Amino acid sequence: MSFSIKQSALTMDVSSSILHKRSPSIRSSFSPSLNLENNTNKRAFISVSKPLHISSIESCCFHKEKKPVIHCKAYEADKSPSSSAAEAEGKSETAQRVKIGIYFATWWALNVVFNIYNKKVLNVYPFPWLTSTLSLACGSLMMLVSWATRIAETPKIDIEFLKALFPVAVAHTIGHVAATVSMSKVAVSFTHIIKSSEPAFSVIVSRFLLRETFPPAVYLSLLPIIGGCGLAALTELNFNMTGFMGAMISNLAFVFRNIFSKKGMKGNAVSGMNYYACLCMLSLVILTPFAIAMEGPHMWAVGWKEAVSLIGPQFIWWVAAQSIFYHLYNQVSYMSLDQISPLTFSIGNTMKRISVIVSSIIIFQTPVQPINALGAAIAILGTFLYSQSFNKRLFHRPESHKLSLLQAKA
Ligand code: 3PG
């Protein structure tokens, strides 16, 4: 038998009355697994769908001091409960790891390909406002086709959903175009080194705007992030202020995107993939007039002729690749958010930056001084420390604080 007990967001206080009511019908034994979803519209839940044995949920992480709230002693008589429990637990953990591994590998690979093609295009066609718009247009088209052909389920959205999405889309648009402007001016690796400092922006915004306080370990972890990024910036051979500021603005915008996104999505039942699709379409509407004002069709046409004369007709495939891979990597990352915890996502994002930094340095043969590489390594180490210290705090605070911590976390 399998069932799940859903609780309101991040409240882990399992109601013993519900469990006791249901316990007579529990035939096989079970093991609760805790899953803290990043998206606040999802509910934290205790899944008991696995055919395992457990005599109490005392070991469940948040209430060690409490007495066991449930005893379930029923299990298949011909099997040792502990061995079948361990076996099923092992299988489930392995399956989860494989799933997360596949998500991460896909996300990183798509992101690396996007970054390579994006830079190849920008090197010969330096119109970041247009290329940013094309990425969003391509994603919007792909999703409209997916909905029309029923490859993806069409989301049911209303005006309230769009109102909540609007500030998220504004922040997404600013973050996207600022990162692309940055990459048009500096090496891909440098943009991503600066972008690895996003947690520092998250803490600063949460501290001063949301009045959230953090434990000393979180603040301390910002030192290597800020110091490492500073060292990398000071020793960057091809430093450019517009490139640097673009990455910094992108960091700030994405912190606001995450905060608005978590606040605005409460109670909506749109999947990660469709949420990103709607975000992409709204961002396209917002960005298009600005792209025309900043660059414009005349400059785009002249630049296009030059790029094609330099690269050949295949240049159009480079543009197509950067647009398609931009959409795909974002789609996979939003789909991952449906599946993994904020901590796992945050670590995955840091690993993604390492993949992009290393691969772009190799492919574009970016000159790197040892001191510059040291700065990048310190910054990335700081991001790991930040994730760890944030996570420890998250799981040792009263329940009422967990939601606000998750909301503040980039
Ligand atoms: C963009 O163009 O939106 C940025 O490259 C996004 O960067 P990120 O998803 O790696 O933060």
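First listed ligand is number 1; within each ligand, the first listed atom is number 1. Since this is a predicted model, take the numbers as computed values, not measurements.
- Ligand 1 lies nowhere less than 4.0 angstrom from a heavy atom belonging to Glu198.
- Looking from atom 4 (C) of ligand 1 to the surrounding protein, the closest heavy atom is Ala179 CB, 3.6 Å.
- Under a 4.0 angstrom heavy-atom cut-off, Lys352 registers as being in contact with ligand 1.
- Short contacts between ligand 1 and Phe254, defined as distances under 4.0 Å to a heavy atom of the residue, involve ligand atoms 3 (O), 6 (C), 11 (O).
- With a heavy-atom cut-off of 4.0 Å, Thr180 touches ligand 1 through its side chain alone.
- Separation of the Phe114 and His327 ring centroids does not fall under the 6.0 Å cut-off.
- Not one N or O of His192 is nearer than 3.5 Å to an N or O of ligand 1, by distance alone.
- Residues Ser182 and Thr191 bring a donor and an acceptor atom of their side chains to less than 3.5 Å of each other.
- Compare Phe114, Tyr329, Tyr326 by their heavy atoms: the one nearest to atom 6 (C) of ligand 1 is in Tyr329.
- Atom 7 (O) of ligand 1 has its closest protein heavy atom at Lys195 CE, 3.3 Å.
- A ring-centre distance under 6.0 Å is not found for Trp107 and Tyr103.
- In terms of protein heavy atoms, atom 11 (O) of ligand 1 is closest to Arg353 NH2, 3.0 Å.
- No side-chain N or O of Thr350 forms a donor-acceptor pair with one of Thr383 less than 3.5 Å apart.
- Considering backbone and side-chain atoms together, His176 places an N or O closer than 3.5 Å to an N or O of ligand 1.
- Atom-to-atom distance recorded for Trp318:CH2 and Lys119:NZ is 12.5 Å, nearest 0.5 angstrom.
- If you check the side chains of Asn258 and Ser202, you find no donor sitting under 3.5 Å from an acceptor.
- A cation-pi contact, defined as under 6.0 Å to the ring centre and within 45° of the axis, links Lys120 to Tyr117.
- No N or O atom of Asn111 sits closer than 3.5 Å to an N or O atom of ligand 1.
- Counting non-hydrogen atoms of other residues, nucleotides and ligands closer than 6.0 Å to CZ of Phe127 gives a total above 12.
- A ring-centre distance under 6.0 Å is not found for Tyr329 and Trp108.
- The nearest protein atom to atom 5 (O) of ligand 1, hydrogens excluded, is given as Met183 CE, 3.4 Å; this is a heavy-atom distance.
- For a threshold of 3.5 Å applied to N or O pairs, the pair formed by Asn115 and ligand 1 contains no separation below that value.
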